[in-house]
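Letters go in sequence order (proteins before strands), and every chain restarts at 1.
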Number of protein chains: 2
Amino acid sequence: MIFSKKCEYAIKALIHLCINSDTDTRLNITEISDSIESPMHFTSKILQELVRHKIVSSSKGLGGGFFLNNQQKNIPILEVIDIIDGKELLSQCGLGLKKCSSKNPCPIHNEFVKYSEQLKQALSTKSISVLSLGVAKGTNFIINQKEEIL
Amino acid sequence: MIFSKKCEYAIKALIHLCINSDTDTRLNITEISDSIESPMHFTSKILQELVRHKIVSSSKGLGGGFFLNNQQKNIPILEVIDIIDGKELLSQCGLGLKKCSSKNPCPIHNEFVKYSEQLKQALSTKSISVLSLGVAKGTNFIINQKEEIL
DNA sequence: ATATAAAAAGACAAAACTGTCTTATTTCTT
DNA sequence: AAGAAATAAGACAGTTTTGTCTTTTTATAT
């Protein structure tokens, strides 16, 4: 697994929120965790973290819930990954060396840099809303499809 | 971190063994873990696992230790990664979906497949001995260099 | 044979990750 | 003002990963 479970749930929740929420349609945590098939309280913690980082909006009280405003829907997914799993995840040396660099490369440095830069590039140009398009259209999925649907 | 600590230590130990051991020069676990700066007993467990998978050779008793024969030095590093971290690591869906595929892709499926296939390809063509060349020559490193050396 | 040096194996412990439960706080509606 | 519905926060528990310590087994040399 490249990403942590936290990060997987974060991405799924954001896509679900992007499709189903807006400034005046808020989703509560029960709805969200049921929809993306994630543990409720754990997901709640993750969303709280994203709220603190202004990736997600929330409001308490009756009629409240989590939602994304239009600006938040355009946040690149890489930003979320960096917040949840740390910028190191996709930048770090494959052998865990702190001082690995092009000047002092580990034996797999070049392969790693080449491919991780590509992946970072791809993820930095995909916003939450872009990733949501296919899901909204039904061509991409964020939960496992049942046999009958396959 | 893409690889587990176990896997990082495994790769480092193998490169160290590739350079410094052969059928009649064996290294004991103290020498190995000191050289690659890894926890001794943990490294010992990892090497035992690799011995069971015939990636590493070992002999007990006085003058014994761990070593690689020539055939073992030519094993692709991907094989080691698959054993230690599981084949899933570089094949699995970025969102953790069990049924993610080109027919039922998650929103980041294409980016991930492209990236992981390239990385797997690169790692499947690099043997332990190939990775060791630069380390033996001093152009690549498996432990952090001290400031003075930088 | 005995001592020694080594890997192998097993039990345990600490830390990180994942997940659950309970309580507090806020906001809306009546 | 009170009640209800929601997030926020904190304490706790299970699991996996990482790391340590001790004992057992094996092989070698004396």
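When the P atom of C:dT27 is taken as reference, atom NZ of A:Lys60 falls 7 Å away, rounded to whole Å. For B:Met40 and C:dA6, the CE to C1' distance is 11 Å, given to the nearest whole Å. The interatomic distance linking B:Ile32 (CD1) with C:dA6 (P) rounds to 11 Å, in whole Å. Rounded to an integer number of Å, the gap from CG of B:Leu68 to P of C:dA7 is 14 Å. In this structure, the CD1 atom of A:Ile46 is 9 Å from the C1' atom of C:dT18, given to the nearest Å. The nearest whole Å value for the distance from the CG atom in A:Asp85 to the C1' atom in C:dA16 is 13 Å. What separates CZ of B:Phe67 from C1' of C:dA7 is a distance of 12 Å, to the nearest Å. For the pair A:Glu8 CD and C:dG19 P, the computed distance is 9 Å after rounding to whole Å.
No hydrogens or angles considered: nothing links the side chains of B:Ser33 and B:Thr43 as a donor-acceptor pair under 3.5 Å. A side-chain donor-acceptor contact under 3.5 Å links A:Ser91 and A:Lys120.
The structure places CD1 of B:Ile83 at 4.0 Å from CD1 of B:Ile55, a figure rounded to the nearest 0.5 Å. Put simply, CD1 on B:Ile81 and CZ on B:Phe3 are 3.5 Å apart, with the number rounded to the nearest 0.5 Å.
Nearest-nucleotide mapping onto DNA chain D: of B:Lys45 and A:Val51, the residue sitting toward the 5' end is A:Val51. Both B:Leu27 and A:Lys6 lie close to DNA chain C; mapped to their nearest nucleotides by heavy-atom distance, the more 5′-ward contact belongs to B:Leu27. Taking the nucleotide of DNA chain C with the nearest heavy atom to each of B:Arg52 and B:Gly64, the more 5' of the two is matched to B:Gly64.
Under a hydrophobic clustering in which Ile, Leu, Val, Met, Phe, Trp and Tyr are joined whenever their side-chain heavy atoms come within less than 4.5 Å, directly or via other members, A:Phe66 and A:Phe42 fall into the same cluster.
Each of B:Ser57, B:Ser21, B:Ser127, B:Ser129 was compared with B:Gln72 under the side-chain hydrogen bond (donor to acceptor under 3.5 Å, both in side chains) criterion, and only B:Ser57 meets it.
Closest to the side chain of B:Gln48, out of C:dT20, C:dA8, C:dT4, is C:dA8. Taking the side chain of B:Leu62 as heavy atoms from C-beta on, and the options C:dT22, C:dA5, C:dT18, the nearest nucleotide is C:dA5. For B:Ile29, whose side chain is taken as the heavy atoms from C-beta onward, the closest listed nucleotide among C:dG19, C:dT22, C:dA7 is C:dA7.
At the heavy-atom level, B:Tyr9 lies under 4.0 Å from the strands shown only through sugar-phosphate atoms. Note on A:Gly63: nothing from the nucleic acid sits closer than 4.0 angstrom, heavy atoms only. Backbone-only contact: A:Ser59 has heavy atoms under 4.0 Å from sugar-phosphate atoms and none from a base.
Scanning DNA chain D 5' to 3' for nucleotides with an atom closer than 4.0 angstrom to a non-hydrogen atom of chain A gives a first and last hit of D:dA5 to D:dA11.
Between A:Lys114 and A:Glu111 no salt bridge is recorded (no basic side-chain N to carboxylate O distance below 4.0 Å).
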